[in-house]
Amino acid sequence: MGAQIGVCVSLLWTRIAPSWSAEPGAFAVVGMAALFSAIVRAPLTGIVLIIEMTGNYSLMLPLLVAGLTAYGTADLLGDRPIYEALLERDLLRGQDAPGLEETLLLEVKVAAGSRFAGKRLRDLGLPAGCLVVSVRRGLQEEVPCADTDLRPGDHLTLVVAPRAASAIPLIRKGVSTAQARPGVEPTDG
């Protein structure tokens, strides 16, 4: 998919600036690295993989620019890295309270109309071993205190200890707008 996007950008670039046209294959390779960087959030790994695959060091600067731009764009849009999303899905699939072997770092977004929207952190009823370590509002991030009010759109980063694994479904239901109904899994919003 990244290669196809790169070739499309190459065709567009050739029409906009024909005197600066480049090899479509180079755009395809840069597109692959950019897509990898956006999905996995590992731009340097993408660059190393592409250079090893092609053996072409002259693409280092375009790969770096495209990879970092894709990484920043995905981060600004609030998209999660694929492996983090897959881990979270696996932890929540088919379980009310997943068992954790290690501490889990959980990121959620407070939806408008959710139970957590408009509440203070102290009023959420989170168990011991579950700690909100940051609240991000737009481009600003803060370390919260017990009196921090949660607003719709806030991105919360929580640390969940293995003994507090039962808090994960509570957090999911608290940040979503889905009503607790049998068989309905709440979403992030």
Side-chain angles (χ1 to χ4, degrees), residues 33-49 67-189:
L35 187 66
F36 181 86
S37 297
I39 292 173
V40 179
R41 295 288 172 46
L44 296 179
T45 303
I47 291 168
V48 169
L49 287 172
L68 293 176
T69 301
Y71 178 94
T73 302
D75 196 45
L76 281 175
L77 292 175
D79 192 29
R80 291 182 309 179
I82 187 72
Y83 294 120
E84 182 181 314
L86 290 173
L87 170 66
E88 200 169 310
R89 185 190 71 185
D90 287 346
L91 286 172
L92 296 174
R93 182 183 290 160
Q95 306 182 50
D96 287 333
L100 298 177
E101 294 178 17
E102 297 179 0
T103 301
L104 175 70
L105 185 65
L106 184 65
E107 291 186 14
V108 294
K109 181 179 178 183
V110 178
S114 66
R115 289 187 345 208
F116 285 3
K119 286 193 175 182
R120 291 186 175 165
L121 283 181
R122 73 174 63 186
D123 300 330
L124 298 183
L126 299 176
C130 182
L131 180 66
V132 179
V133 293
S134 76
V135 176
R136 189 179 72 202
R137 290 187 180 126
L139 297 176
Q140 294 183 351
E141 188 167 358
E142 67 178 76
V143 176
C145 63
D147 291 327
T148 300
D149 289 319
L150 297 180
R151 301 178 193 158
D154 284 355
H155 291 266
L156 309 178
T157 303
L158 299 100
V159 176
V160 182
R163 70 178 186 274
S166 62
I168 295 173
L170 170 74
I171 293 165
R172 285 282 174 217
K173 290 176 185 173
V175 297
S176 72
T177 55
Q179 298 298 318
R181 294 186 314 221
V184 175
E185 181 69 27
T187 60
D188 283 311

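Computed from a predicted model, the values in this text were never measured in an experiment.
Among the candidates Leu150, Val110, Leu124, Thr148, the single residue satisfying the side chain to side chain contact (heavy atoms under 4.5 Å, CB included) test with Lys119 is Leu124.
Here the straight-line distance linking atom OG of Ser37 with atom CG of Leu49 works out to 9.5 Å at 0.5 Å rounding. Put simply, CG on Leu126 and CG on Leu121 are 7.5 Å apart, with the number rounded to the nearest 0.5 Å. Between the CD1 atom of Ile168 and the NZ atom of Lys173 there is a distance of 13.0 Å, given to the nearest 0.5 Å. From Leu170, atom CG reaches atom CZ of Phe116 across 5.0 Å, with rounding to the nearest 0.5 Å. In this structure, Leu76 CG and Tyr71 OH are separated by 10.5 Å, a value rounded to the nearest 0.5 Å.
Residues that satisfy the side-chain contact (heavy atoms from CB on, under 4.5 Å) test with Leu105, not counting sequence neighbours, are Thr157, Val159.
Looking at Leu158 and Cys130, their side chains come closer than 4.5 Å, going by heavy atoms from C-beta outward. Inter-residue side-chain proximity for Val175 and Asp154 is flagged as unmet; no heavy-atom pair is nearer than 4.5 Å. Within the 4.5 Å cutoff, no side-chain heavy atoms of Ile171 are placed close to those of Leu156.
The number of heavy atoms from other shown groups lying within 6.0 Å of CD (Gln140) does not exceed 12. Within 6.0 Å of atom CZ in Arg137, more than 12 heavy atoms from other residues, nucleotides or ligands are found, so the atom counts as buried in its surroundings.
Counting all heavy atoms, side chain and backbone alike, Ser134 lies closest to Glu141 at OG-OE2, 3.0 Å. Of all heavy-atom pairs between Lys109 and Gly153, the closest is CE-CA, 3.9 Å. Closest approach of Ser114 and Ser176 over heavy atoms only: CB-O, 3.2 Å. Across every non-hydrogen atom of Ala164 and Ala128, the tightest pair is CB-O, 3.4 Å. Of all non-hydrogen atoms in Ala112 and Pro152, the two that sit nearest each other are CA-CB, 3.6 Å.
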Under 3.5 Å donor-acceptor pairs involving side-chain atoms of residues 39-46, not counting sequence neighbours:
| from | atom 1 | to | atom 2 | distance (Å) |
| --- | --- | --- | --- | --- |
| Arg41 | NH1 | Asp79 | O | 3.0 |
| Arg41 | NH2 | Ala74 | O | 3.0 |
| Arg41 | NH2 | Asp79 | O | 2.5 |

